[in-house]
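Presented below is the structure to which this report refers.
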Protein chains: 2
Amino acid sequence: MPMGLSNDDLDRIDELVTIRRRIKRGEFLYQNGDPFSSLYAIRTGFFKTSVTTEDGRDQVTGFQMAGEITGLDGIVSDFHSCDSVALEDAEICVMPFDKIEYLSREVKALQHHVHRIMSKEIVREHGVMLLLGSMRAEERLAAFLLNLVKRLHARGFSRSELVLRMTREEIGSYLGLKLETVSRTFSKFADDGIIVVKQRNIQILDPDALNLIVNSQSCA
Amino acid sequence: MPMGLSNDDLDRIDELVTIRRRIKRGEFLYQNGDPFSSLYAIRTGFFKTSVTTEDGRDQVTGFQMAGEITGLDGIVSDFHSCDSVALEDAEICVMPFDKIEYLSREVKALQHHVHRIMSKEIVREHGVMLLLGSMRAEERLAAFLLNLVKRLHARGFSRSELVLRMTREEIGSYLGLKLETVSRTFSKFADDGIIVVKQRNIQILDPDALNLIVNSQSCA
DNA sequence: CGACACCTTGAAGAGGTTCAAGAAATGTGG
DNA sequence: CCACATTTCTTGAACCTCTTCAAGGTGTCG
């Protein structure tokens, strides 16, 4: 992760990732109200985070995959304010936050890395706000697919094929749409020859078309 | 801000807030693309932050008032990715981020304070995602008013009266609504006797009604 | 005082939701 | 390994909320 570290520093940071934990599909990594103690680095598997209101409404706030960090919401109040659920069997590193803070005080590069991770999450959420606040259904789903495939490709997966680990309802919750709208929009993209949909397997035939949908607010 | 500090630590943290800057209404504090160097603590005044896409769409991502910190978006890439504009004449403290990181390595309480500020922003944005993703116009505006008046009250202002520093259009952008919808919803609240609207002066007559609107998704 | 920005309100229209039914996939237990 | 239950997905039709377009009103600042 951070670069330009001495071997000594590297050894100390290695300590952070010694605790491993396996999470089965459907299990919570943490839940709203749980005491906060650690951040979690995802080694394998796929998670979603969501917030829930008293009146039962809930909103998916993100999907996390290998190499990403989750749990940042707990720092401010020492309690988690959202749920994290594994969408497939997963393995994570438990990184006790007091240890992160301790090492951050010693290792400048780690300190900056932590700051960047948090800033990156803030910037990501700005993007989601833009999506939720000003895009139409097709634009939202196109942006979602492009984002997913980009992150998967950065991890060595195909640039054109992906397997959705979440339901239409979870996609809809994330995008501020109903599951029926997500389904219909997939069908429309398929009819237009932009993608092939086979349940949760998506093949992207025309990524440029998706880009065009996102970056041209209906003035096609 | 952070508690339980030695006088020595306090002196050092005081160094962080020595640089002051005045920003006139309508001026940028920073803009998308500006090199990132500092966080800004607002002493007086009122700001909005917004992101803009290539195709000209933009989205207000937040409103900041006295005592709040802005600029966190710049940490991840060393460049700001959003704009910050003063909505009224303001005074801010410029806090060079390298100095913050330096002092954070020395002063544990400051380090944790910085982490909490970033986590708090992440959690706030979760709330906005919930609002944008799952609330209807009336619920959004009610939540917005309650949030604003709560923050103002924490600063010694009235619990029932507030002056909006932003236009209907800016409120709409933040809430994912058109300015006409914002205006109409204000009028409806006024007709229902929940608030009194006189341009940007809002008087809240029935805060419980607003709470009810937020926490009961149409099953009134 | 006049120009400009901001706000309100109406009427028509579009996009997404809701309700409903059926099909396809997945998981479970015998 | 198959039958059945359950979950997930698709599609249609009616409806509703919010948007769009338009016009007029109000406030503000040079």
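First the proteins, then the strands, lettered A, B, ... as listed; each starts at 1.
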Closest of C:dC6, D:dC21, D:dC9 to the B:T167 side chain is C:dC6

Out of C:dT8, D:dC29, D:dT10, minimum distance to the side chain of B:R168 belongs to C:dT8

Check your understanding: Backbone N or O of B:A66 within a donor-acceptor pair of the B:R155 side chain at under 3.5 Å?
Key -> yes

Point to revise | OP1 or OP2 of D:dT19 under 4.0 Å from side-chain N/O of B:T181 | key: yes

Check your understanding: Hey, does the side chain of A:S183 come within less than 4.0 Å of D:dT11's phosphate (OP1/OP2), counting only N and O?
Key -> no

Side-chain atoms of A:A137 come closest, of C:dG16, D:dC18, C:dT9, to C:dG16

*asked:* Taking CZ in B:R25 as the centre, count heavy atoms belonging to other residues, nucleotides or ligands within less than 6.0 Å. Is the count above 12?
replied: no

Per atom distances to the A:R184 side chain, the nearest of C:dT18, D:dG27, D:dT20 is C:dT18

List the steps, then state whether salt bridge (charged side-chain N to carboxylate O under 4.0 Å, His left out) holds for B:E139 with A:R57.
-> CA-CA 12 Å; B:E139 301 171 326; A:R57 226 183 315 229; 3.0 Å; yes

When rounded to whole Å, the CD1 to C1' distance for the pair B:I171 and C:dA5 reads 15 Å

Rounded to whole Å, the CD1-C1' distance (B:I202 to C:dC7) equals 12 Å

Quiz item: A:G176 near the nucleic acid: base, sugar-phosphate alone, or nothing, with a heavy-atom cut-off under 4.0 Å?
Solution: sugar-phosphate

Of the candidates C:dT18, D:dC18, D:dT20, the side chain of B:L177 sits closest to D:dC18

Are A:R136 and C:dG16 close enough that a side-chain N or O sits under 4.0 Å from OP1 or OP2? no

Here the distance between atom C1' of D:dT10 and atom CD of A:Q199, to the nearest Å, is 9 Å

In whole angstroms, the gap separating C1' of D:dT10 from NZ of A:K198 amounts to 16 Å

Notebook entry, point to check: Reckon A:R200 has a side-chain N or O less than 4.0 Å from the OP1 or OP2 of C:dT26?
Noted result: no

(Q) Just checking B:E169: does its CD atom have more than 12 heavy atoms from other residues, nucleotides or ligands closer to it than 6.0 angstrom? (A) no

